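Heads up: the structure comes next, in structure tokens.
Whatever order the structure lists ligands and atoms in, that order sets their numbers, starting from 1. All of these numbers come straight from a predicted model, not from anything done at the bench.
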Amino acid sequence: MIKNTGIHNNILELVGETPLVKLRKTTKKLQGSYFAKVEAFNPGHSSKDRIALHIINVAEKKGILKKGATIVETTSGNTGFSLAMISIVKGYKCILAVSDKSSQDKIDLLKIMGAEVHICPANVPADDPRSYYEVAKTIHKKTKNSVYINQYFNELNIEAHYRSTGPEIWQQTQGKITHLVAASGTGGTISGTGKYLKEQNPNIKILGVDAFGSVLKKYHETGKFDKNEIQPYKIEGLGKTLIPSATDFDVIDIYEKVSDKDAAFSAREIVKKEGIFPGYTSGAVLQATKQYAAQNYFNDDSFVVLIFPDHGSRYMNKIYNDSWMKNQGFID
Ligand code: PMP
């Protein structure tokens, strides 16, 4: 069915087919043309609707997900929201292990969407029993008829973007895209989208965005997992303290790291200059684009697509709150 025409059987039919919007002012000083893939247009307001729906649909087809089952997942909030939404429509129970770094808005939303939420400390190693990875695994083991979505190590995460985000961008740009700039968390978005785009045109550059405090960039460059890279940071959903197998590092040409402060200001700049209200990582993606531009990655012929993963409403008590910005020392 063509989206937004006629009647939909349920909200899940509206996942995907998000718009590509030309950025007019934030990238004015940069060479080339810039377009944002605004993933907040998904019904769950983020790109995670795509992977959640794909993984659940495949699990149902394979008979792994049975009636009355419980869906368990590790999430910074967005995947949780998508899973909770899908669980309501399809009649599953949803239990989520969420990091305490996630904004209160996101946690409240998960509860409103009917999920059982377990808050776990962000600043412990991934293999610590208190980490949200380990807590989710334990819940899965203890809960009968449960399915662990495991987005960090699930190939279907890449496949969801390979099948939807990639083809959409290729069609929307009529094959003109020269660069993709995307945040890397689980890596599903950048790897799946990048893989599809590179298959259409191997000259397309896939530019990753990582956070200071994450291990991804160093791992990509050296093949080594360096614990010394790990330090606390504020951006949710970007970067990692482990190496997710849902990241296909071969697809990614290069990573750029951004700071919490620069990403926060760039998100606010998107609001003020474009009238788009994006999440924290969208700010990170714009910030990285500026940093790539400063290193002469683009020229007048560049056709650059930036993926904006989610909606600003999830960060009202964070980057869009002046007191929070002051507490971080970002503004006086
Ligand atoms: N931005 C936000 C807000 C996210 O929640 C995530 C997912 N953790 C990402 C970006 C990164 O997407 P991916 O996991 O596909 O790399």
Give me the nearest non-hydrogen protein atom to [atom] as residue plus atom name, then the distance to 0.1 Å.
| atom | answer |
| --- | --- |
| atom 7 (C) of ligand 1 | K48 CE, 2.9 Å |
| atom 2 (C) of ligand 1 | T281 OG1, 3.4 Å |
| atom 13 (P) of ligand 1 | T186 OG1, 3.3 Å |
| atom 5 (O) of ligand 1 | N78 ND2, 3.1 Å |
| atom 11 (C) of ligand 1 | G237 O, 3.4 Å |

Heteroatom distance test (G185, ligand 1): nitrogen or oxygen, under 3.5 angstrom: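 Between G185 and ligand 1 (N or O atoms, distance only) the closest approach is under 3.5 Å.
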Relative to ligand 1, is [X] under 4.0 angstrom through side chain, backbone, both or neither, heavy atoms considered?
| X | result |
| --- | --- |
| Y315 | side chain |
| S184 | backbone |
| Q151 | neither |
| T189 | both |

Hey, would you say the Y219 and F225 ring centroids sit under 6.0 Å apart?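 No, the ring centres sit 6.0 Å or more apart.
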May I ask whether G187 places a heavy atom under 4.0 Å from ligand 1? yes
Heavy atom of I190, distance to ligand 1 below 4.0 Å: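 I190: no contact with ligand 1 (<4.0 Å).
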Over 60° means perpendicular and under 30° means parallel, so tell me whether H45 and H311 are parallel, tilted or perpendicular. tilted
Got a salt bridge between K217 and E229, using NZ or NE/NH1/NH2 to carboxylate O under 4.0 Å?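 Salt bridge between K217 and E229, a charged N being under 4.0 Å from a carboxylate O: no.
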Any salt bridge between D253 and K198, counting N to O under 4.0 Å?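 Between K198 and D253 there is a salt bridge, with a charged N closer than 4.0 Å to a carboxylate O.
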With Y34, the ring pair (Phe, Tyr, Trp, His ring centres under 6.0 Å) member among F298, F308, Y292: F298
Look up atom NZ in K234 and atom NZ in K318, then write down how far apart they are to the nearest 0.5 Å.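 The NZ atom of K234 sits 6.5 Å away from the NZ atom of K318.
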Interfacing atoms of ligand 1 (cut-off 4.0 Å, heavy-atom, D310): 3 (C)
Show me which atoms of ligand 1 lie under 4.0 Å from any heavy atom of G188.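 Within the 4.0 Å cut-off of G188, ligand 1 contributes 15 (O), 16 (O).
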Flag for T79-E73: side-chain donor and acceptor within less than 3.5 Å: no
For V147 and Y92, what are the C-alpha separation, side-chain angles and deciding distance, and is it a side-chain contact (heavy atoms from CB on, under 4.5 Å)? CA-CA 10 Å; V147 171; Y92 300 119; over 6 Å; no
Taking the side chain as C-beta and beyond, is there a heavy-atom pair between N57 and E60 under 4.5 Å? yes
